[in-house]
Amino acid sequence: MKRVSALILLFQLGVCLAENTIIAIVNEEAITLQSIEQQLNDANSFNEKIDIVGKQIEIALQMSKVRKLDLNPSQGDVNGALNQLAIDNNISMEQLQSYPQFPSLIQQITNRLSILNLQQHITKDLNIELFENEINNCTSNINDKNTKQIRIAQIIISEIDNSDVIIDNQEKAVRNFLKKLSDHITKGASFEAFSKLHSQHPSYANGGLSDWIFVNNPTIEMLDLLEDGEVSTIYSTNMGWAIAIKVDERYIDANLENCKEKIIYQKVQQFYSNWLQGLRDSAYIEIFTDKL
């Protein structure tokens, strides 16, 4: 009986060691087989496996920078993303939390938000200029100046940090708090000051001010109808619940602006890609290809 137990123990230990086989080292961090096993199983070739390991190496390098720069997302950001995921899949948060893969899902969302924070940090001071030939390439055959955009200021809150508020009552607690803020703003309080103090969205630093937004969905259409200084009703966003005021409006050639934004986005992505390549070039990386 003892010998059988010992054999079982050795077998289980062997499985454990196999699952935690190190397939790459990035500086002082190890990437194990278990962390990307499912992706590797789905790969159809050795080159695909190398690509998968390469992407995991880039994630490890970026997450290391996130930790050094303290760019981890807030719990509110993670909860907001989870809430939006539940909404998109037409399920409740309780149903989402009941999935066996929920802990892994939280980690994936945390990593994605962390890397997004890093991208914004690295590119925040970029001053992208468009050359004349790039603008000429964007010129539309139809000069449509009837497309409307607005700018708004928002206060977005995903959760109330209060031990007396349980998860099921978070939406109610947030809505009650936003209603109190709205009442104060209507009576003359500063929307900008309240946004800087209470908003849980990165735009809080700028008083909640947004970029230019196309008026192309019911929520934005509702905000477009706001009078000067009028506070909106409470509405849902992918980061939580919000109130807003309308700050400005303009009419543009949508095709031209979209084309410009696409070029700027591509240049920002290229800048970040080059920065990431530099990060990789300066790192110690070893891949154990014989274990793939």
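What you see below is based on every heavy atom in this structure, not just the backbone, and it leaves out hydrogens, waters and symmetry mates.
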Return the set of residues passing side chain to side chain donor-acceptor pair (under 3.5 Å) with Q119 (not counting sequence neighbours), or none when no residue passes. none

Taken in chain and number order and not counting sequence neighbours, the residues that satisfy salt bridge (charged side-chain N to carboxylate O under 4.0 Å, His left out) with R250 are none

Which pairs with one or both residues in residues 195-231 pass ring-ring contact (aromatic ring centres under 6.0 Å, His included), sequence neighbours excluded? F177-H198, F194-H198

Look at the side-chain heavy atoms of Ile, Leu, Val, Met, Phe, Trp and Tyr, link any pair under 4.5 Å apart, and say whether V174 and I185 land in one connected group. yes

Sequence neighbours excluded, the answer for side chain to side chain donor-acceptor pair (under 3.5 Å) partners of K260 is none

Between L105 and L96 the two heavy atoms that sit nearest each other are CD2-CD1, 3.9 Å

What side-chain hydrogen bond (donor to acceptor under 3.5 Å, both in side chains) pairs are there with at least one residue in residues 231-240, not counting sequence neighbours? Q154-Y235

Which heavy atom of S114 sits nearest a heavy atom of N72, and at what distance? OG-OD1, 4.0 Å

Rounded to the nearest 0.5 Å, what separates atom CG in L225 from atom CG in L223? 9.0 Å

Report the distance from atom CD1 of I23 to atom CD of E286, rounding to the nearest 0.5 Å. 12.5 Å

Would N41 and E37 count as a side-chain hydrogen bond (donor to acceptor under 3.5 Å, both in side chains) here? Give the steps. CA-CA 6 Å; N41 288 339; E37 186 174 17; 4.6 Å; no

Evaluate F46 against T289 for side chain to side chain contact (heavy atoms under 4.5 Å, CB included), listing each step before the verdict. CA-CA 9 Å; F46 179 77; T289 57; 3.9 Å; yes

Sorted by chain and number, sequence neighbours left out, salt bridge (charged side-chain N to carboxylate O under 4.0 Å, His left out) with R151 holds for none

Are V26 and L279 connected in the hydrophobic side-chain network, where two residues link if heavy atoms are under 4.5 Å apart? yes

With the side chain counted from C-beta on, respond yes when Q200 and S158 share a heavy-atom pair under 4.5 Å apart, and no when they do not. yes

Would a 4.5 Å heavy-atom cut-off, applied to side chains only, mark I285 and I25 as touching? no

So which atom in L61 and which in R280 form the shortest heavy-atom distance, rounded to 0.1 Å? CD1-CA, 3.7 Å

N89, CG: over 12 other non-hydrogen atoms inside 6.0 angstrom: yes

Is there a continuous path of hydrophobic side-chain contacts, each under 4.5 Å between heavy atoms, that joins I234 to I160? yes

Could you grab the distance from atom CZ of R175 to atom NZ of K180, nearest 0.5 Å is fine? 15.5 Å

Judged by atom type as modelled, is there a donor-acceptor pair below 3.5 Å linking the side chain of S195 to the main-chain atoms of G208? yes

What do the steps show when you test V66 against N117 for side chain to side chain contact (heavy atoms under 4.5 Å, CB included), and what is the final call? CA-CA 8 Å; V66 165; N117 287 345; over 6 Å; no

Are the side chain of N27 and the backbone of A283 linked by a donor-acceptor contact shorter than 3.5 Å? no

Return the CG to CE distance between N79 and M93, rounded to the nearest 0.5 Å. 6.5 Å

Please report the C-alpha distance between L226 and V231 in whole Å, then the side-chain angles of each, then the deciding distance to 0.1 Å, and finally whether the side chain to side chain contact (heavy atoms under 4.5 Å, CB included) criterion is met. CA-CA 7 Å; L226 294 174; V231 183; over 6 Å; no

Is it the case that the side chain of S64 and the backbone of A60 share a donor-acceptor pair, with hydrogens and angles ignored and the cut-off at 3.5 Å? no

Indicate whether any N or O donor in one side chain lies under 3.5 Å from an N or O acceptor in the other, for Q84 and D88. yes

Excluding sequence neighbours, so at least two apart, what forms side-chain contact (heavy atoms from CB on, under 4.5 Å) with A43? E48, K49, I52

Taking it one step at a time, do Y99 and Q97 satisfy side-chain hydrogen bond (donor to acceptor under 3.5 Å, both in side chains)? CA-CA 6 Å; Y99 289 158; Q97 291 169 341; over 6 Å; no

Can you name the residues that form a side chain to side chain donor-acceptor pair (under 3.5 Å) with D183, not counting sequence neighbours? K179

Is the side chain of S182 donor-acceptor paired with the backbone N or O of L178 at a distance under 3.5 Å, no angle test? no

Separation between CD (E261) and CG (L256), nearest 0.5 Å, reads 10.0 Å

Sub-4.5 Å side-chain heavy-atom contact between I213 and Q149: no

Cluster link M222 to I156, ILVMFWY, side chain under 4.5 Å: no

Heavy atoms, side chains only, cut-off 4.5 Å: are I157 and S199 in contact? no

Short question: side chain of E221, backbone of V215 - any donor-acceptor pair under 3.5 Å? no

Tabulate below the donor-acceptor pairs under 3.5 Å that side-chain atoms of residues 263-278 make, not counting sequence neighbours, or state none.
| from | atom 1 | to | atom 2 | distance (Å) |
| --- | --- | --- | --- | --- |
| K267 | NZ | E129 | O | 3.1 |
| K267 | NZ | E134 | OE1 | 3.1 |
| K267 | NZ | E134 | OE2 | 3.2 |
| Q270 | NE2 | N274 | OD1 | 2.9 |
| Y272 | OH | Q62 | OE1 | 2.6 |
| N274 | ND2 | Q270 | O | 3.3 |
| Q277 | NE2 | D281 | OD1 | 2.8 |

Any side-chain heavy atom of D228 sitting closer than 4.5 Å to one from I245? no

Between I57 and I115, is there a shared hydrophobic cluster once you connect ILVMFWY residues whose side-chain heavy atoms come closer than 4.5 Å? yes

Restricting to pairs with a member in residues 188-209, which pass salt bridge (Lys or Arg N to Asp or Glu O under 4.0 Å), not counting sequence neighbours? E192-K196

Less than 4.5 Å apart, side chain to side chain, heavy atoms only: is that true for D253 and T147? no

Where H121 and K124 come nearest, the two heavy atoms and their spacing: O-CG, 3.2 Å

Closest heavy-atom pair and its distance - I22, F288: O-CD1, 3.5 Å

Report yes if the side chains of K291 and L33 come closer than 4.5 Å at any heavy-atom pair, otherwise no. no

How would you list all residue pairs meeting salt bridge (Lys or Arg N to Asp or Glu O under 4.0 Å) that involve residues 59-80, not counting sequence neighbours? E29-R67

Any chance you could measure Q56, atom CD, to T32, atom OG1, to the nearest 0.5 Å? 8.5 Å

Could you tell me which residues satisfy side chain to side chain donor-acceptor pair (under 3.5 Å) with K246, sequence neighbours excluded, listed by chain and number? D224, E249

